[in-house]
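Contents: one structure, followed by commentary.
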Amino acid sequence: MRREFIKKILKDPAVERVATVAGWVRTRRDSKGGFSFIELNDGSCFANLQIIADATLSNYESEIKKLFPGSSVVISGEIVASQGGGQSVEMQATEIKVLGFCEPTDYPLQKQRVSFERLREVAHLRARTNTFGAVTRVRHALAMATHNFFDDQGFYYVHTPIITASDCEGAGEMFQVTTLDIAKLEKSPDYERDFFKQKTGLTVSGQLAAECLACSLGNVYTFGPTFRAENSNTRRHLAEFWMVEPEMAFADLADDADMAENYLRYLFNYVLENCMEDLQFFNKRIDTSLLETLQKLSVSEFKRITYTEAIAILGQANVSFEYPVKWGVDLQSEHERYLTEEKFNCPVTVTDYPKEIKSFYMRLNDDDKTVAAMDVLLPNVGEIIGGSQREERLDILSVRIEEAGLNCDDYWWYRDLRKFGSVPHAGFGLGFERIVQFCTGMQNIRDVIAFPRTPGNAEF
RNA sequence: UCCGGCGUAGCUCAAUGGUAGAGUAGGUGACUGUUAAUCACUUGGUUGUUGGUUCGAGCCCAACCGCCGGAGCCA
C-alpha cells in the first residue's frame, strides 16, 4: 500500500493531484445533497483531512454510511481546494476501501469530551484522541531533541543495566527481580539459589554505571526506563518512568548547572519550532499560558541560588508555610513553589545542600557542611532535575558511604573509579515525563506516558 | 501511607429523605458544502459493593472497593 501522510498533504499546498491516504475516521457528516464529509486522522499530525465521499461511490450506501468514528479506511482521490471554510484543501474520494468497521455503541471514544480519568481505563485506544495524539508527538519531539542536544555537545548515548544489584542509595525502593518461587516465600531466602546468585532489582538510576563510562569516555548520557517501588500517589509520580542522565568527566557543579539549563532551553526551543500545531491545541484547551511560558523560558536565564540563600529568602517571606523553614531541612513542595512561582517567577537552580539530606556520592564542599548538589525547579512541576558534582576523593567517599550506613565493599567497583585515575565529574537526572508534562501543560503524569504504571495499576 | 473530595444511562453531569432526569452518543425521520452540523421523535438505569438507620435511602451512618486532588517519598 503506497500511502501519503496527511501531514504532508496539508503542508504541501499542491492541489489537483491524486493521492492515497489511510487512517481512522474521526467523524462522518452526511449531506442529503448526495455526499458525506469524512474527517480522517492518520496520527501524522493534529489536523484531519476532510474527505468528500460522493453518493456515486459504489459502496456509498452499503459501507460508507456505516463509517462511524474509529473505523479504518484507505482512501484514494484527488486533492482539491476546499469549498468550505474550515480547511484549505480536501480530498474528493474516488475509492474508499473499508479495512475495519467500528461499532459506535461499543467504542469508548466519543465525539464529545471524554474525561482523562475515563481515558486511562481505555489506554489502548486513547492515543486516537486529539489530546493523546498531541502528547505522543510532543513526547517524541522531546526525545529526539534530547539525542540531538547531547550528540551536539559531544556526549555518547550509553545503555546501563535495567537489572542491577546496586541500590543507588536514597533514590527509592526497588522492585525485586528473582526466579525464586515466591509461592514458597522464605523469611531469609538463599540468594545463592537465585538466578544471579545475589539479590537484584530493577534499576532506580543508571547514574553509578554512567559514572564508570564517563570516567572512560568523557561525556555520556543514558535515556532509559527507571523503576521505583514507592507507594507514591500523586500527579507527578510513576512507578516506571524514563530518565535522562548525563554524566561529564572533568566537570564541576557550575558546569553541571550550565549544562542542565542549556539542555532545558534547548528542549523548549525545539518543541516551539517543531510542535507548534500541537502546542497551540494545548494552549487552547489545557493551559492557556503554555505558549507564553515556553517562549519566555526558551530564552530566559535561570535564577541560581544556594540552599543557604534559599533558606534566608524563605525565612523572610511574608507567607505562612505549613512546614517550618530551617537550615538543615529539605525544601518542601510549598517552598519550591514559592521560589519559582512567587519570588522569582522563573526556573530556579538551588545548589549546595546540607550533606545530611543528600546522597553519599555528592562531593563534600570545603565548608564540610554542604555538598555540591543542585536541583532545578520549574514553576508548576517542581523538581525537574536533580544533580551533583560527584565525590572523586576516595578517602572522603569511603567515609560518606560508611556514614550513610552502607558497606564500602558493596561499592568496590564504584570506589575503584577513585583509585585509578580519579577525575572531577558531575551529572544530573531529568524525569522525562515531567518535562513532557511541562511542555504540554498536562496536569497528570499518567497522561504523558502511553501506559502508566502506578501503585495498583499495570493494565495493558 | 496520611488528609480531603467524588462514585447516578455507553459518555458528561443533574436530582429538600418521598414517582431517577438532562445533554450527548445510538436508532427512526426531516433538512443541509458540512466541520462539536441542525430539527423532531425514540431506545437506554441492580444510583460502586455490603450492611445499618427510617414508614420510605441516589441522598443519612459504617466498612470496604475504585478514582481524583493535596501531603510525604522523589525525578
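Note that the structure is predicted; figures quoted are calculated from it, not measured. Reckoned from all heavy atoms, side chains included, excluding hydrogens, waters and symmetry mates.
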Check the distance between B/C74's P and A/F428's CZ and give it to me in whole angstrom.
20 Å

Does A/R236 place a side-chain N or O at less than 4.0 Å from the phosphate oxygens OP1/OP2 of B/C74?
no

Note, A/K343 side chain near A/I313 side chain (heavy atom, < 4.5 Å)
yes

Can you tell me how far P of B/A25 sits from CD of A/E103, to the nearest Å?
16 Å

Step through it carefully: locate the ring centre of A/F223, locate the ring centre of A/Y157, and say whether they are under 6.0 Å apart.
no

Reading nucleotides 31-44 of chain B from the 5' end, what letters show protein touch, with B for base, S for backbone sugar-phosphate only, - for no heavy atom under 4.0 Å?
BBBBB-S-------

B/A30: pairing nucleotide in any strand, Watson-Crick or G-U under 3.5 angstrom
B/U38

Is the closest side-chain heavy-atom distance between A/P161 and A/T203 below 4.5 Å?
no

Assess whether one donor atom and one acceptor atom, taken from the side chain of A/S232 and the base of B/C74, lie less than 3.5 Å apart.
no

Is the shortest side-chain heavy-atom distance between A/M144 and A/T146 below 4.5 Å?
no

A/M374 atom CE is separated from B/C74 atom P, nearest whole Å, by 17 Å

In whole Å, I'd like the distance from the CD atom of A/E322 to the C1' atom of B/C2.
12 Å

Quantified in whole Å, what is the C1' atom distance between nucleotide B/C6 and nucleotide B/U49?
16 Å

